[in-house]
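None of these values were measured; they are calculated from a predicted model. Labels below follow one simple rule: chain letters A, B, ... track the order of the sequence lines, proteins then strands, and each chain is numbered from 1.
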Number of protein chains: 2
Amino acid sequence: MVFKRTHQDGDKNMKMTPQRMAILEYLEGNTAHPSAADIYKAISERFPTMSFATVYNTMDMLKEKGMVLELAIDPDKKRFDPNPAPHHHLICVHCKKVVDIHSSFSLDLSENERNSFDIIGNHVDFYGICPQCKKKNKSGQQVK
Amino acid sequence: MVFKRTHQDGDKNMKMTPQRMAILEYLEGNTAHPSAADIYKAISERFPTMSFATVYNTMDMLKEKGMVLELAIDPDKKRFDPNPAPHHHLICVHCKKVVDIHSSFSLDLSENERNSFDIIGNHVDFYGICPQCKKKNKSGQQVK
DNA sequence: CCATAAATTAGAATTATTACAATTTAATAA
DNA sequence: TTATTAAATTGTAATAATTCTAATTTATGG
């Protein structure tokens, strides 16, 4: 995904600040699935005044805009994926490295992917709205 | 999975305490994928002295024994699955309810599952050991 | 340049989890 | 039984990730 770096970015209410620019730049093409701390560390080198709150605020905004996904891959912290297109992951259970899978069909790994990782299992999550929430949702409420 | 409730449980070094008994009882057949807080809340009603540390200790032990899985489904907290057999999940993005899927093949949902949830997407995680860790692992080290 | 809504910031507060050290207890064997 | 002892439990402190807050700064539009 390509990020535009102007305030015209589909939303007049979105200010383009140097901090945001740095975050967008850092995320663009980044396939490391960084955590908030990763982002903070990388950016604060050039922006010593950068605050953690800004990282979280910006990621919230990008999530709402659908520009990044929040991953629940690591039980210890949130990690972000700047590639919002549907895809899957290859996760190293030792170092927690996360590699994108771009196969057309979920369980069909490329030869390369298959050979590089020793795969010990897989897990499929289906996301959706359960019957109870379907009902509730008609009356407008939203669970965080 | 059936939990035995004696100290013979495959490991002489495992003591069977009332607290553990209560936790095992609570987990047995539990399909709600409870968090540590859920477990604590349920058990501490009968065991007012129960400590959070005991919940975490016990879950660690059960994880090591392969009796529960730690799920990374909820970015906000760990949740536990007392069903260690390979299976997949149906997750409500509103209320975070997690329902087990017992289809023989991952992407083949039963009619019932399909009809109850409005499915808006799926995500496949493959777990394995990456090439770098394969090498490192030969020299014995383990990443938490 | 001004006005203003939005963003940034430092730091406090909260939540989940882990670490620790003292006390208690289950299991074993005498 | 009871004594021994390693393991479990407990309260509390410490840590880590995240969220909240209120004051200050800044990007944008006029």
Side-chain angles (χ1 to χ4, degrees), chain A residues 4-24 26 33-65 67-68 70-80 96 143-144, chain B residues 4-24 26 33-41 43-44 46-65 67-68 70-80 96 143-144:
Chain A
K4 293 186 206 152
R5 294 216 201 62
T6 78
H7 62 283
Q8 325 290 5
D9 199 9
D11 187 346
K12 293 278 183 191
N13 289 347
M14 176 188 170
K15 284 188 186 178
M16 191 46 55
T17 66
Q19 293 90 335
R20 285 184 173 177
M21 218 125 120
I23 291 177
L24 292 179
Y26 174 76
H33 308 78
S35 65
D38 293 333
I39 298 169
Y40 174 79
K41 213 181 302 170
I43 311 264
S44 61
E45 285 175 7
R46 290 178 219 172
F47 282 81
T49 71
M50 160 74 70
S51 154
F52 248 108
T54 298
V55 175
Y56 282 107
N57 288 342
T58 303
M59 297 318 286
D60 269 354
M61 190 204 61
L62 294 176
K63 267 192 286 177
E64 271 167 35
K65 288 183 158 302
M67 293 166 85
V68 303
E70 180 182 287
L71 303 183
I73 268 177
D74 185 335
D76 292 331
K77 61 180 95 67
K78 290 172 186 168
R79 288 175 66 170
F80 299 96
K96 303 274 180 73
V143 181
K144 183 208 139 187
Chain B
K4 292 185 206 152
R5 292 213 204 64
T6 79
H7 61 285
Q8 324 291 8
D9 200 9
D11 188 344
K12 292 276 183 191
N13 290 346
M14 178 186 168
K15 284 190 188 175
M16 191 47 55
T17 66
Q19 293 89 337
R20 281 183 177 179
M21 219 125 117
I23 291 177
L24 291 180
Y26 174 76
H33 308 79
S35 65
D38 293 333
I39 298 169
Y40 174 78
K41 214 182 300 170
I43 311 264
S44 61
R46 291 178 217 172
F47 282 81
T49 72
M50 160 74 71
S51 154
F52 246 108
T54 298
V55 175
Y56 281 108
N57 288 342
T58 303
M59 298 317 286
D60 268 355
M61 191 205 59
L62 294 176
K63 267 192 286 176
E64 271 167 34
K65 288 183 160 300
M67 293 165 85
V68 303
E70 179 183 289
L71 302 183
I73 267 176
D74 185 335
D76 292 330
K77 62 179 93 68
K78 291 171 185 169
R79 290 174 67 168
F80 298 96
K96 303 273 181 76
V143 181
K144 184 207 139 186

**Distance, rounded to the nearest Å, where B:Asp60 contributes CG and D:dA7 contributes P** = 16 Å

**Request:** Would you check if B:Leu62 and B:Leu24 make a side-chain contact, meaning some heavy-atom pair closer than 4.5 Å?
**Result:** yes

**Prompt:** How many angstroms lie between atom CD of B:Glu64 and atom CE of B:Met14, to the nearest 0.5 angstrom?
**Reply:** 11.5 Å

**Request:** May I ask you to verify if any side-chain N or O of B:Lys77 is less than 4.0 angstrom from the OP1 or OP2 atom of D:dA16?
**Result:** no

**Complete:** Rounded to whole Å, CG of B:Asp74 lies from C1' of C:dA16 at a distance of 11 Å

**Complete:** Here the distance between atom C1' of D:dT18 and atom CG of A:Leu71, to the nearest Å, is 17 Å

Dump every N/O contact between nucleotides 8-14 of chain C and the protein below 3.5 Å, one line per pair.
unit_1	atom_1	unit_2	atom_2	d
C:dT8	OP1	A:Thr17	OG1	2.4
C:dT8	O3'	A:Gln19	NE2	2.8
C:dT9	OP1	A:Gln19	NE2	3.1
C:dT9	OP1	A:Thr49	O	3.1
C:dT9	OP1	A:Thr49	OG1	2.7
C:dT9	OP2	A:Ser51	N	3.2
C:dT9	OP2	A:Thr54	OG1	2.8
C:dT9	O5'	A:Thr49	O	3.1
C:dA10	OP2	A:Thr49	O	3.3

**Check: B:Thr54/B:Asn57 side-chain N/O donor and acceptor closer than 3.5 Å** = no

**Item:** Nearest-0.5 Å distance, OH of residue A:Tyr40 to CE of residue A:Met59
**Value:** 16.0 Å

**Asked** Nearest 0.5 Å, what's the NZ-CG distance between B:Lys41 and B:Asp38?
**Response** 6.0 Å

**Item:** A:Lys63 NZ to D:dT19 P, straight-line distance once rounded to whole Å
**Value:** 7 Å

**Fill in**
Interatomic distance, CG@A:Asp74 vs CZ@A:Arg79, rounded to 0.5 Å, equals 5.5 Å

**Asked** Taking only N and O in the side chain of B:Tyr56, is any of them less than 4.0 Å away from OP1 or OP2 of C:dT18?
**Response** no

**Prompt:** Given side chains that start at C-beta, do those of B:His33 and B:Leu71 come closer than 4.5 Å, heavy atoms only?
**Reply:** yes

**Fill in**
In whole angstroms, the gap separating P of C:dT18 from OH of B:Tyr40 amounts to 17 Å

**Request:** Write down the distance between CE (B:Met61) and P (D:dA8), rounded to a whole number of angstrom.
**Result:** 8 Å

**Prompt:** Taking atom C1' of C:dA5 as reference, at what distance in whole Å does atom CE of A:Met16 sit?
**Reply:** 16 Å

**Item:** Distance, rounded to the nearest Å, where A:Lys96 contributes NZ and D:dA17 contributes C1'
**Value:** 14 Å

**Prompt:** Where the side chain of A:Lys15 is concerned, which of D:dT19, C:dA7, C:dT18 is the nearest nucleotide?
**Reply:** C:dA7

